[in-house]
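Chain identifiers are assigned alphabetically (A, B, ...) following the order of the sequence lines, protein sequences preceding nucleic acid strands; residue numbering begins at 1 within each chain.
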Number of protein chains: 2
Amino acid sequence: MGNPNRDHEYLGKLQDYYTDYRSLPSYAVIGEMLGMASKSAVSALVKRLTLAGYLETTPDRRLAPTKRFFERDLADFNVPAGLPAAANDAMSEALTVDEYLIPRPSSSVLIKVRGDSMVEAGIHDGDIAVVEKRHSANLGEIVVAIVDGEYTLKELARDKQGYLLLPHNAGYEPIRPQEGLEIFGVMVGLIRKY
Amino acid sequence: MGNPNRDHEYLGKLQDYYTDYRSLPSYAVIGEMLGMASKSAVSALVKRLTLAGYLETTPDRRLAPTKRFFERDLADFNVPAGLPAAANDAMSEALTVDEYLIPRPSSSVLIKVRGDSMVEAGIHDGDIAVVEKRHSANLGEIVVAIVDGEYTLKELARDKQGYLLLPHNAGYEPIRPQEGLEIFGVMVGLIRKY
DNA sequence: AGGTTAATCGAACGAATGTTCGGCTGTCAA
DNA sequence: TTGACAGCCGAACATTCGTTCGATTAACCT
């Protein structure tokens with residue numbers, strides 16, 4: 001072959017570039033970066049990396065990194081033997097916490113929780129709730145509702161008299177909305193910092 | 001003006017797109033996405049978003065998101081009554097979820113919580129703990145400790161007999177390490193997904 | 001040695017890119 | 001009402017994009 005396979009090295013430089021700019025350069029610039037004089041060489045490289053699963057083409061024909069693009073060498077991890085199940089399985093395919101918690105940024109809002117009416121559901125004062133804006137919710141979901149002009153975080157429930165909002169704290173009473181119940185959004189995640 | 005300022009809405013759609021593809025579309029595609037018929041409108045929008053600090057241009061003239069692009073609006077819970085749509089006005093600050101939770105990536109580990117020994121501290125089975133690797137901890141901190149070769153998440157405490165690990169669940173007994181107590185790290189954050 | 005194949009070069013090409021400028025329209029303040 | 005102005009349209013434009021194809025080079029195989 002013309003050369004030992006330097007694709008891994010090339011990939012590394014692309015990863016560095018993307019880390020710096022959150023964007024991939026054009027073929028011309030890639031060639032410059034990697035020391036290639038022709039764009040056709042870059043084109044071939046891109047084909048190889050695409051085949052290997054590191055790059056892909058968006059529906060509108062733009063070059064974009066795949067999830068695998070962000071994989072790091074296992075050697076970097078240096079895991080002590082017997083580490084408790086690291087959260088890789090939980091985070092599954094997400095590369096960042098942000099992506100894990102917020103799949104649809106435009107319809108999600110972060111809301112700081114005030115009060116202790118939900119402590120028994122593991123939601124404390126000062127926690128941050130990830131709320132997906134919706135006007136409907138299922139029973140049993142934790143929702144941000146607007147009751148008498150005030151925002152409140154409770155579990156959505158219903159009995160024979162209609163909908164009601166359940167706190168998760170023995171010291172609080174369920175709320176029965178007087179005039180209509182308006183749902184602001186549904187809680188889909190929780191963030192806490194110690 | 002020709003229109004109320006919809007830039008925030010436009011930004012949201014760009015964020016959604018980038019979340020899906022890790023790449024920004026061309027002006028033509030942006031226009032399609034946002035319902036603009038002319039690329040010049042997109043060009044103007046990009047200028048506005050660049051001025052506002054959400055976008056930037058790489059050294060080789062490619063459009064790229066900035067760090068601020070990934071910030072999320074954080075609303076406080078007791079927002080004054082008003083139209084639900086007006087809630088965006090009540091944003092107090094903005095933060096990036098990753099930086100907020102993981103200030104020191106190289107020394108932090110995500111660990112999935114197993115069991116219910118800490119439920120009364122609002123830590124449930126299946127939650128993900130953000131753990132900062134350290135070999136020492138202060139009393140009262142929640143730590144990942146290694147006891148008899150097993151990893152466990154508990155509060156660090158001490159009495160006249162020495163160190164002990166406190167569960168936060170009435171059904172569990174405190175653990176008194178037999179031979180030495182090894183600290184793996186300290187819990188600094190919590191992530192939960194519903 | 002001869003043959004094969006992978007990686008690159010160099011040049012040419014049509015398609016797509018982002019910029020620019022004049023004109024239109026709806027909103028706001030005076 | 002009038003004027004200013006922000007947002008958008010539409011078209012023209014030079015630049016840059018990524019693709020393609022034939023030729024060249026170097027490692028590997030038999």
So what is the end-to-end bend of the helix from C:dA1-D:dT30 to C:dA30-D:dT1, with 5 pairs used at each end and the value given to 10 degrees? 40°
Closest to side chain of B:A28, choosing from C:dT17, D:dT19, C:dT8: C:dT17
Examine C:dA7: is either OP1 or OP2 under 4.0 Å from a nitrogen or oxygen in the side chain of A:R48? Give yes or no. yes
Would you check if there is a donor-acceptor pair between the side chains of B:K67 and B:T96 at a distance under 3.5 Å? no
Check this for me, if you would: do A:R192 and A:D125 make a salt bridge, where the nitrogen-to-carboxylate-oxygen distance has to be below 4.0 angstrom? no
Excluding sequence neighbours, so at least two apart, what forms ring-ring contact (aromatic ring centres under 6.0 Å, His included) with B:Y163? none
Going by the side-chain hydrogen bond (donor to acceptor under 3.5 Å, both in side chains) test, name the single residue among B:E173, B:K154, B:H168 that passes it with B:S117. B:K154
Using whole Å, what does the distance between atom P of nucleotide D:dA27 and atom CZ of A:R6 come to? 13 Å
Which nucleotide, C:dT20, D:dG18, C:dT17, lies nearest any side-chain atom of A:S26? D:dG18
Interatomic distance, B:L34 CG vs D:dG7 C1' [rounded to whole Å]: 13 Å
Which label fits A:Y18 and B:Y18: parallel for a plane angle under 30°, tilted from 30 to 60°, or perpendicular past 60°? parallel
Can you check nucleotides 10-15 of chain D for protein contacts, nitrogen or oxygen pairs under 3.5 Å, and list what you find?
unit_1, atom_1, unit_2, atom_2, d
D:dG10, O6, B:S40, OG, 2.6

In whole angstroms, the gap separating C1' of C:dT20 from OH of B:Y27 amounts to 13 Å
5'-most contact on DNA chain D (nearest-nucleotide basis), B:G35 vs B:R62, goes to B:G35
Nearest-nucleotide comparison on DNA chain D, the residue closer to the 5′ end among B:D60 and B:M36: B:M36
Separation of D:dT16 atom P from A:E32 atom CD, nearest Å, is 12 Å
Spacing of B:I30 atom CD1 relative to C:dA16 atom P, expressed in whole Å: 17 Å
Check the distance between C:dG18's P and B:L24's CG and give it to me in whole angstrom. 10 Å
Minimum heavy-atom separation for A:L139 and A:A157, please, with both atom names. CD2-C, 3.8 Å
Expressed in angstrom and rounded to an integer, what is the separation of A:L63 atom CG from D:dT19 atom P? 9 Å
Gap separating the CD1 atom of B:I128 from the CD1 atom of B:I111, nearest 0.5 angstrom: 11.0 Å
Ignoring backbone atoms, test whether A:S43 places a side-chain nitrogen or oxygen under 4.0 Å from the OP1 or OP2 oxygen of D:dT19. yes
Just checking, is any N or O donor in the side chain of A:D60 or B:Y17 under 3.5 Å from an acceptor N or O on the other one? yes
For the pair made of CG in B:D7 and C1' in D:dA6, what is the distance, rounded to whole Å? 11 Å
Does B:R176 have more than 12 heavy atoms from other residues, nucleotides or ligands lying within 6.0 Å of its CZ? yes
